[in-house]
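Here the structure is laid out as structure tokens; the discussion comes afterwards.
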Amino acid sequence: MSVRVGWDGDDRFKATTGSGFDIVIDKDLQQGPRPMELMLAGLGGCTSVDVVAILRKTRQDVVDCVAEIQAERSDDVPSVFTEIHVKFVVSGRGLKPAAVERAVRLSAEQYCSASIMLERGGVKISHSFEIVEVE
């Protein structure tokens, strides 16, 4: 896995992933997200992929899955994450709460590399979920 990050000479950087995608990173939020926002986006993407895959394997009729992430950072420099809460809003037909809870737990404890890495670094991560029934 690789990423190349280049400076534009101003306050922006362009990251090019090994898989060929470009992301603008901008500390002033004029053309892209801040670096720490990207870390939360990576966490959200990692754990959401797991949750949906686990639910599909258990034949749950998932229509949508949104991870809403809130984070706290330390006041000290470096201003690292101290606490992160991930709330999943899972929409579907006849979703079983026990299946959603299991998917969230398995992602957090076994599969999501981003979540596990952050926890091993001392970040307290909590999870919750809400099920939305759709027709």
Side-chain angles (χ1 to χ4, degrees):
M1 183 174 296
S2 65
V3 174
R4 181 179 189 279
V5 180
W7 180 42
D8 75 351
D10 199 3
D11 286 333
R12 286 173 299 282
F13 293 80
K14 181 176 86 173
T16 302
T17 67
S19 53
F21 294 94
D22 292 334
I23 303 165
V24 174
I25 304 167
D26 185 349
K27 75 176 187 103
D28 294 326
L29 298 175
Q30 294 175 19
Q31 295 182 1
R34 293 182 180 120
M36 294 299 277
E37 290 174 319
L38 283 175
M39 291 188 73
L40 293 178
L43 167 64
C46 185
T47 192
S48 295
V49 165
D50 293 338
V51 168
V52 169
I54 293 165
L55 289 171
R56 284 183 171 168
K57 283 182 183 178
T58 59
R59 301 182 192 265
Q60 296 294 297
D61 190 2
V62 181
V63 174
D64 193 21
C65 178
V66 176
E68 300 173 348
I69 302 171
Q70 295 292 320
E72 298 293 326
R73 294 174 68 183
S74 69
D75 291 331
D76 301 329
V77 174
S79 184
V80 299
F81 291 122
T82 55
E83 294 183 31
I84 298 173
H85 182 75
V86 183
K87 177 184 177 185
F88 292 94
V89 180
V90 185
S91 302
R93 296 174 193 90
L95 296 173
K96 296 177 183 174
V100 175
E101 187 278 329
R102 179 178 177 271
V104 170
R105 182 176 36 79
L106 284 173
S107 175
E109 295 175 1
Q110 286 184 262
Y111 296 113
C112 180
S113 301
S115 179
I116 293 166
M117 181 179 61
L118 287 166
E119 281 192 313
R120 287 183 182 172
V123 181
K124 180 182 175 191
I125 302 178
S126 58
H127 301 82
S128 63
F129 66 89
E130 173 185 344
I131 296 174
V132 177
E133 183 69 24
V134 297
E135 293 183 21

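We number each residue from 1, following the sequence as shown.
In this structure, Asp28 has no salt bridge (charged side-chain N to carboxylate O under 4.0 Å, His left out) partners at least two apart in sequence or on a different chain. A search for side chain to side chain donor-acceptor pair (under 3.5 Å) contacts involving Ser19 returns Thr17, not counting sequence neighbours. With sequence neighbours left out, Lys27 forms a side-chain contact (heavy atoms from CB on, under 4.5 Å) with Asp11. Shown here are the side chain to side chain donor-acceptor pair (under 3.5 Å) partners of Ser126, two or more places apart in sequence or in another chain: His85. Contacts of Glu37 classified as salt bridge (charged side-chain N to carboxylate O under 4.0 Å, His left out), with partners at least two apart in sequence or in another chain: none. Scanning for salt bridge (charged side-chain N to carboxylate O under 4.0 Å, His left out) contacts around Lys96 gives an empty result, with sequence neighbours left out. For Thr58, there are no side chain to side chain donor-acceptor pair (under 3.5 Å) partners, not counting sequence neighbours. Evaluation of the side chain to side chain donor-acceptor pair (under 3.5 Å) rule for Thr16 yields Asp22 as partners, not counting sequence neighbours. Residues passing the salt bridge (charged side-chain N to carboxylate O under 4.0 Å, His left out) test with Asp61, sequence neighbours excluded: Arg93.
Tracing side-chain contacts under 4.5 Å through hydrophobic residues (I, L, V, M, F, W, Y), one never reaches Val52 starting from Val63; they form parts of separate clusters. If you chain together hydrophobic residues whose side chains sit under 4.5 Å apart, Val24 and Leu38 never meet in one group. If you chain together hydrophobic residues whose side chains sit under 4.5 Å apart, Phe21 and Val49 never meet in one group.
Taking 4.5 Å as the limit, every side-chain heavy atom of Gln70 sits out of range of all side-chain heavy atoms of Lys87.
For the atom pair CD (Gln31) and CG (Asp8), the distance works out to 7.5 Å, reported to the nearest 0.5 Å.
For the salt bridge (Lys or Arg N to Asp or Glu O under 4.0 Å) condition, no pair includes a residue of residues 64-77, sequence neighbours left out.
The other members of the hydrophobic cluster of Phe129, by chain and number, are Met36, Met39, Leu40, Leu43, Val51, Leu55, Val62, Ile69, Phe81, Ile84, Val86, Phe88, Val90, Leu95, Val100, Val104, Leu118, Val123, Ile125, Ile131 (side-chain heavy atoms under 4.5 Å, ILVMFWY only).
Contact record, Ser48 with Ala67: OG-CB, 3.4 Å, taken as the closest heavy-atom pair. In plain terms, the two heavy atoms of Ser74 and Ser79 that are nearest each other are O-OG, 2.7 Å.
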Taking distance alone, no hydrogens or angles, what donor-acceptor pairs closer than 3.5 Å link side-chain atoms of residues 105-114 to residues at least two apart or in another chain?
unit_1 : atom_1 : unit_2 : atom_2 : d
Ser107 : OG     : Thr47  : OG1    : 2.7
Ser107 : OG     : Asp50  : OD2    : 3.1

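Atom CZ of Arg102 has 12 or fewer heavy atoms from other residues, nucleotides or ligands within 6.0 Å.
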